[in-house]
Amino acid sequence: MTAAVNVTRNPDADWVAWAAGQTGIPERALRAYVAAAVTVNATVPACGIGWNTLAGVGSVETAHGTYGGGRLTEAGRGSRPVVGPALNGAGFAAIADTDGGALDGDPRWDRAVGPMQFIPSTWQLVGRDGNADGTADPFNIDDAALSAASYLCAGGRDLTTAAGWTSAIYAYNQSDAYIRKVRDQAAAYAASTGAAG
């Protein structure tokens, strides 16, 4: 696999508004992706994660939290909760309930939740508070993006290399087709903002 171009930048409001127009990413989601990449790169500089990689994941997972006709509020929550299908082994991995249905509403099977689609057991391990409100909430784009960035950078991964980038995305979803979709979308976001290369 070829690594996606990882683009880093500070979350300047004028650039975010311009880039949202160039990419079609909702401005609220783009702000969260940029802030998460900046935060994680400050604490784990060897990772080199780009906002566009997070945006690629967010696009493939839930169209940036808009799947099913929802939208992100200014507070960063979806106008409707995004909850994936039951992971009951029918077309998906079988993952028995790990949270008593607290996050996903299903006491029998786990379901991925929020704009970055975390399964409850993974959220319990990696969930972070990205908006500093004192709660790590998988349905909030700031929290979900920061948690995804931290998860992708775990284990000393270097996302500036093809092997490190591919390993990170594979850890998120073990599918070659998924890796290609995220890579293509992340590269397209980089190119549309003049950051490819």
Side-chain angles (χ1 to χ4, degrees), residues 3-82 113-118 123 126-153 157-160 165 168-169 172 181-197:
V5 175
N6 278 300
V7 183
T8 58
R9 84 168 279 122
N10 290 321
D12 171 85
D14 290 337
W15 180 88
V16 168
W18 173 81
Q22 296 297 116
T23 61
I25 300 170
E27 196 171 322
R28 185 63 186 83
L30 184 55
R31 246 186 3 236
Y33 301 143
V34 173
V38 168
T39 298
V40 170
N41 284 325
T43 57
V44 189
C47 177
I49 192 166
W51 65 264
N52 60 314
T53 290
L54 292 170
V57 171
S59 174
V60 172
E61 290 290 350
T62 67
H64 313 294
T66 66
Y67 180 79
R71 64 175 183 78
L72 292 174
T73 67
E74 187 52 36
R77 286 189 57 102
S79 59
R80 59 173 58 180
V82 180
V113 298
M116 300 301 275
Q117 290 289 277
F118 280 97
W123 185 258
V126 303
R128 295 189 56 192
D129 178 9
N131 61 0
D133 69 354
T135 303
D137 176 4
F139 293 98
N140 178 279
I141 189 65
D142 298 310
D143 297 355
L146 181 60
S147 300
S150 299
Y151 184 73
L152 291 168
C153 289
R157 291 187 192 102
D158 177 356
L159 274 66
T160 66
W165 191 91
I169 303 303
Y172 211 90
K181 285 180 187 176
V182 171
R183 180 199 61 213
D184 292 350
Q185 194 62 67
Y189 289 147
S192 66
T193 57

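- Side-chain contact check for Tyr189 versus Ile25: some heavy-atom pair is nearer than 4.5 Å.
- Across all their heavy atoms, Ala168 and Leu159 have their closest contact at CB-CD1, 3.9 Å.
- For the side chain to side chain donor-acceptor pair (under 3.5 Å) test, residues two or more places apart in sequence or in another chain that qualify with Ser150 are Arg128.
- Across all their heavy atoms, Thr53 and Trp165 have their closest contact at OG1-NE1, 2.9 Å.
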Stepwise, does the side-chain contact (heavy atoms from CB on, under 4.5 Å) test hold for Arg28 with Asp142?
CA-CA 9 Å; Arg28 185 63 186 83; Asp142 298 310; 2.4 Å; yes

Working for side-chain contact (heavy atoms from CB on, under 4.5 Å), residues Phe118 and Val126:
CA-CA 9 Å; Phe118 280 97; Val126 303; 3.7 Å; yes

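- When all heavy atoms of Thr66 and Pro26 are compared, the pair lying nearest together is CG2-CG, 4.2 Å.
- For the pair Val38 and Trp51, the minimum side-chain heavy-atom distance is 4.5 Å or more.
- Atom-to-atom distance recorded for Leu146:CG and Ile141:CD1 is 11.0 Å, nearest 0.5 angstrom.
- With contacts defined as side-chain heavy-atom distances shorter than 4.5 Å, the pair Asp143/Trp123 qualifies.
- Atom-to-atom distance recorded for Asp129:CG and Asn131:CG is 5.0 Å, nearest 0.5 angstrom.
- Listed by chain and residue number, Arg77 satisfy the salt bridge (Lys or Arg N to Asp or Glu O under 4.0 Å) test with Asp137 (two or more places apart in sequence, or in another chain).
- Put simply, the side chain of Val82 does not reach to within 4.5 Å of the side chain of Met116, judged on heavy atoms.
- In this structure, the separation between CG on Asn140 and OG on Ser147 is 9.5 Å, given to the nearest 0.5 Å.
- With rounding to the nearest 0.5 Å, the separation of OG1 in Thr39 from CD1 in Ile49 is 11.5 Å.
- When every heavy atom of Trp18 is checked against every heavy atom of Ser192, the shortest pair comes out as CH2-O, 4.3 Å.
- Remark: Glu61 engages Tyr178 in a side chain to side chain donor-acceptor pair (under 3.5 Å) (not counting sequence neighbours).
- With Thr62 contributing its side chain and Tyr67 its backbone, the two residues share no donor-acceptor pair below 3.5 Å.
- Here the closest heavy-atom approach between residue Leu54 and residue Ala145 is recorded as CD2-O, 4.0 Å.
- Minimum heavy-atom separation, Pro115 to Ala144: CG-CB, 4.0 Å.
- Distance check, rounded to the nearest 0.5 Å: OH of Tyr33 to NE2 of His64 gives 5.0 Å.
- No side-chain heavy atom of Arg183 sits less than 4.5 Å from a side-chain heavy atom of Ile169.
- Of the possible polar contacts, one joining the Arg157 side chain to the Tyr151 backbone as a donor-acceptor pair under 3.5 Å is found.
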